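All figures in this text were calculated on a predicted structure; none of them were measured in a lab. Residue indices begin at 1 and follow the sequence shown.
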Amino acid sequence: MPGPPAAPVTQASLFRAFLTIGLLGFGGVMPWARRVLVDERQWLTDREFAELLGICQVLPGPNVVNLSVILGARWQGPLGALLALTGILFVPVIAVLLLATFYASVAHAPQARNAIAGASAAAAGLILGTAIRLVRGARPPPRGLALGVAVFVAVGVLQAPLLWVLAVAVPLGIALEWRAAR
């Protein structure tokens, strides 16, 4: 069971933290979520963050949105879940509405398509960097690393459907951990 955060998580600090994550997270929110929650606020350890992220990845919806709801509910109940959710989505929703309006007027230009391709490459780099930091912080056992590599190959290289890969990988991971704990 995770320990209490280093500092109390008030409703205001919860909203501000997730508002900050949403504000800074252009191109990839997860690196900022980790930085704010683990490094700056010290509300979670690296291991707790990695474990929660694992849970959030098998739930429907965006991982960081799931994370905001779980943590908001943990620290401030249903109102905390709503505050964290509102905080993380407020700035991105406004930004996307503004950008969509602008992009509609320039979508036909090659420069706009090139800019989108460049932003996509940068986002992929952020995701890869965060994954490496999570593995270092969580220090999973070799069986967990092997399963992670297998899932990456199945989805990323072989293009297997994510739902089917998860339907196999999640029970397999649970069985491996259950067996290792015996």
Side-chain angles (χ1 to χ4, degrees), residues 14-41 43-44 46 49-72 81-138 140 144-145 147-170:
L14 182 66
F15 177 78
R16 278 193 308 271
F18 280 97
L19 183 67
T20 299
I21 294 166
L23 178 64
L24 298 175
F26 286 91
V29 178
M30 203 54 70
W32 290 106
R34 192 208 155 280
R35 183 176 188 164
V36 170
L37 298 170
V38 175
D39 295 339
E40 294 175 9
R41 303 279 179 141
W43 289 346
L44 298 171
D46 262 327
F49 184 83
E51 288 171 355
L52 282 171
L53 181 58
I55 292 168
C56 293
Q57 288 177 331
V58 297
L59 296 173
N63 299 336
V64 77
V65 171
N66 294 339
L67 183 66
S68 70
V69 171
I70 289 170
L71 291 175
L82 185 60
L83 288 169
L85 180 64
T86 302
I88 200 143
L89 292 178
F90 183 74
V91 173
V93 166
I94 299 301
V96 166
L97 289 174
L98 293 173
L99 287 172
T101 302
F102 171 72
Y103 185 72
S105 68
V106 298
H108 62 281
Q111 296 90 341
R113 288 193 295 277
N114 291 341
I116 295 296
S120 297
L126 283 171
I127 291 168
L128 185 58
T130 301
I132 291 168
R133 286 188 77 166
L134 287 172
V135 168
R136 282 190 199 153
L145 287 174
L147 186 59
V149 168
V151 168
F152 175 80
V153 169
V155 175
V157 177
L158 301 176
Q159 302 286 309
L162 178 62
L163 186 59
W164 291 110
V165 172
L166 288 177
V168 172
V170 170

Quiz item: Within the side chain of Thr86, is there an N or O that forms a donor-acceptor pair under 3.5 Å with the backbone of Leu83?
Solution: no

Quiz prompt | Over all atoms of both residues, closest heavy-atom pair of Ala84 and Gly72 | solution = CB-CA, 4.2 Å

Exercise. Identify which one of Leu23, Thr20, Leu24, Val96 satisfies the side chain to side chain contact (heavy atoms under 4.5 Å, CB included) criterion when paired with Val91.
Key: Leu23

Practice problem: Would you indicate whether the side-chain heavy atoms of Phe102 and Leu98 approach each other to under 4.5 Å? | Solution: no

Practice problem: Evaluate the side-chain proximity of Met30 to Phe49: yes if any heavy-atom separation is below 4.5 Å, no if none is. | Solution: yes

Quiz prompt | Exercise: identify the closest heavy-atom pair between Val151 and Ala169 | solution = CG2-CB, 3.6 Å

Quiz item: Are the side chain of Trp32 and the backbone of Ile21 linked by a donor-acceptor contact shorter than 3.5 Å?
Solution: no

Self-check item: Partner residues of Phe152 under the side-chain contact (heavy atoms from CB on, under 4.5 Å) criterion, sequence neighbours left out
Solution: Val157

Quiz item: Is any side-chain heavy atom of Leu59 less than 4.5 Å from a side-chain heavy atom of Ile70?
Solution: yes

Quiz item: Is the closest side-chain heavy-atom distance between Leu99 and Tyr103 below 4.5 Å?
Solution: no

Quiz prompt | CZ on Arg34 to CG on Leu53, rounded to 0.5 Å | solution = 11.5 Å

Self-check item: Asn63/Val29 under side-chain contact (heavy atoms from CB on, under 4.5 Å): CA gap, chis, key distance, verdict
Solution: CA-CA 10 Å; Asn63 299 336; Val29 178; over 6 Å; no

Quiz item: Between Arg136 and Asp46, is there a salt bridge with N-O shorter than 4.0 Å?
Solution: no

Practice problem: State whether the side chain of Glu40 and the backbone N or O of Leu37 hold a donor-acceptor pair below 3.5 Å, judged by distance alone. | Solution: no

Practice problem: Over all heavy atoms of both residues, which pair between Val165 and Ala154 is shortest? Give the atoms and the distance, please. | Solution: CG2-CB, 3.9 Å

Quiz item: Which is it for Trp43 and Leu71 under the side-chain contact (heavy atoms from CB on, under 4.5 Å) test, yes or no, and what are the steps along the way?
Solution: CA-CA 10 Å; Trp43 289 346; Leu71 291 175; over 6 Å; no

Practice problem: Kindly compute the distance separating CG (Leu19) from CG (Leu14), expressed to the nearest 0.5 Å. | Solution: 11.0 Å

Exercise. Check Leu85 against Ser68 and note the closest heavy-atom contact, atom names and distance.
Key: CA-OG, 3.8 Å

Practice problem: Look up atom CD1 in Ile88 and atom CG in Leu67, then write down how far apart they are to the nearest 0.5 Å. | Solution: 7.0 Å

